[in-house]
Amino acid sequence: MKKRTLLIVTLLVGVFFVGSAFAGHANFYTVQKKYTYGTTVNFINNSDSAWGDWTEWWVNGTRYIDQSGRQNFNYTFPGPGDYTVKIVAWDYIWPIWFSSDYSATVHVYKNTYPIVLVHGFAGWGREEVSLQVRPGVNVGLRYWGAGSGDLEADMNNRGFDVYTASVGPVTSVWDRACELYAQLMGTPVDYGPAHSALNSAPYNPGFTHARNANNRVNDTAHYTDGRLKNTKGAIIPKIIEGSTKRPIHLVAHSMGGQTVRMLSSLLHKGSPNAGDKGYGIPLFDGGYNGVVRSITTLATPHNGTNLTYLVDDLLDLVNGVGVDLLAAATNDSVTNALNLVYKLDVDQWSPSFQTAAVSLSPGNCAAKPAFSDVSLWDLSPCGAAELNQFMTADSDVFYFSYACEQTYRWKNDNQWYSEAADDAAYCTALSWECENYNWGGMLLPLIPFGDGMGTNAKTTAVGLTDAWKQNDGVVNTISAIKPDCDLSTSNGNGEVGKWLYLGLLNEDHMDVTGGFLGVGVEDLNGTNFFDFYNNLFNRLWELPRF
């Protein structure tokens, strides 16, 4: 009798351990990495059990599936927030049932609208600048990521839906906005009949602004109709198609911030030139609310930058010895050669720009240059003020901004200077003379600009305040906080029609896009470059949907 009992116990223990081995571990996965409410997600049973004699699926403690077989699970999240999804995989090995369970908390966003990156002055798209490392092998230099890597690819791998636009490097805010619109709609670029006409005849020596130019189609970053295509091969949906609107988030650096504000203003208000309307082009007809969900700007000269005065001085100096840099840079023979590595995208203009026609008069906004449909004017304090009369905040858009700085004030002369390696020892030894030194190291080519922008000659002497002296080497810090024409908010979640300032980054102008000469991945105020944008994009996807 004792032997029989021992045998039964041994068999049961053996069955338990064998059954446990067969039961394995419950597990599941989904193809999606990010979730939004209202869409159905397929959770795939990936248990390595004895092939699912019975399956249970639970969400937040409620059982939804309880049936035989290795079942997958389709679930539509009813709202945003965190959900605990659990699978219980049962296996039957006579005479006992064995189970294994696995649970995971998934976050459901309020929206998952596409995020579009828009570069600044002299910038480029994903595939437009490359370096040949050896014959037949080219490595792309990303504007968004630069020395840190590839921002678009990294964010898409994390589950975001990110695209990189490519607009004119040196042309006007208006023209750039029209090109961006075409890449969001899959239409040829149209600068508007009235805009093109107004910027042709009046100018000496007779500039001509074509109505259509600079289309981008069927390259690695654009679909056959010109719409943006990302690293996952996804094509951005048309933002407007009949009565359907597909919202987007716009994230922009430097002049890109002015560009996206112009795009939003045109979509909402239509063209201020009556002759641009009536052609069936939504951009110029206006009335399109519910398309731009948010605008985020990084180091954008919303109220202009006094760097334009330094550039204007340089152009005048070189022009004084018989060399017109603008004319040379936009000459057909030069642009054709540049197109091999970097395209200026000035095809709408003929003939080339000339310095005399775009010369600025610092401190005198009434002295508008003869030729003003160009970046030098739009980026100047006077030109930005003119743009801001039209580009006021739209009532259904969330606005966010970051400003940058990498300069310090020397108390002896009340002027600001670029932070550089050799200044660290100086400011440590004479700390009473240095104010606001943050141990930064401004990108070497930007140091002369940062020094010049912080002087009295380019601020208080031309009608700007002392607050304009602090800068990031390209943009005055105060100008990047928000446009003077708009209201701000202190609501930590943002507020439509108002600007939420997200803070000051102790970085130079290019660090915020990845740092072109950095070693390793850039940090932005101590946060890993990619994590910084991950946090920003999470914020955008937590905004309420339209």
Checking [Y] against [X]: is there a side-chain donor and acceptor pair closer than 3.5 Å?
{"X": "N303", "Y": "K482", "result": "no"}
{"X": "Y181", "Y": "D190", "result": "no"}
{"X": "Q470", "Y": "N476", "result": "no"}
{"X": "T296", "Y": "H249", "result": "no"}
{"X": "E152", "Y": "N230", "result": "no"}
{"X": "E405", "Y": "W416", "result": "no"}
{"X": "H302", "Y": "D486", "result": "no"}
{"X": "N493", "Y": "E542", "result": "no"}

With respect to H209, which candidate in T171, N199, D175 satisfies the side chain to side chain donor-acceptor pair (under 3.5 Å) definition?
D175
Does [X] count as lying over the ring of [Y], i.e. NZ or CZ under 6.0 Å from the six-ring centre, within 45 degrees of the axis?
{"X": "R211", "Y": "Y279", "result": "yes"}
{"X": "R545", "Y": "Y113", "result": "no"}
{"X": "K269", "Y": "F390", "result": "yes"}

For R176, run the side chain to side chain contact (heavy atoms under 4.5 Å, CB included) check against T259, N214, V170 and tell me which one passes.
T259
H222 vs R126, test: side-chain contact (heavy atoms from CB on, under 4.5 Å). Steps then yes/no.
CA-CA 10 Å; H222 296 84; R126 273 191 58 80; over 6 Å; no
As a quick check of understanding, evaluate side-chain contact (heavy atoms from CB on, under 4.5 Å) for I115 and W541, giving each step before the final call.
CA-CA 9 Å; I115 298 168; W541 276 13; 3.8 Å; yes
Measure up the F537 and F160 rings against each other and bin them: parallel (under 30°), tilted (30 to 60°), perpendicular (over 60°).
perpendicular
Verify side-chain contact (heavy atoms from CB on, under 4.5 Å) between R142 and L151, making sure each step is shown before the conclusion.
CA-CA 8 Å; R142 314 297 181 199; L151 180 61; over 6 Å; no
Output every pair passing disulfide bond (SG atoms under 2.5 Å apart) with a member in residues 241-303, not counting sequence neighbours, ordered by first then second residue.
none
N388 CG to S265 OG distance, which is reported to the nearest 0.5 Å:
9.5 Å
What's the separation between atom CG in L250 and atom CG in L184, rounded to the nearest 0.5 Å?
7.0 Å
Identify, with sequence neighbours excluded, every residue that meets salt bridge (Lys or Arg N to Asp or Glu O under 4.0 Å) alongside D313.
K458
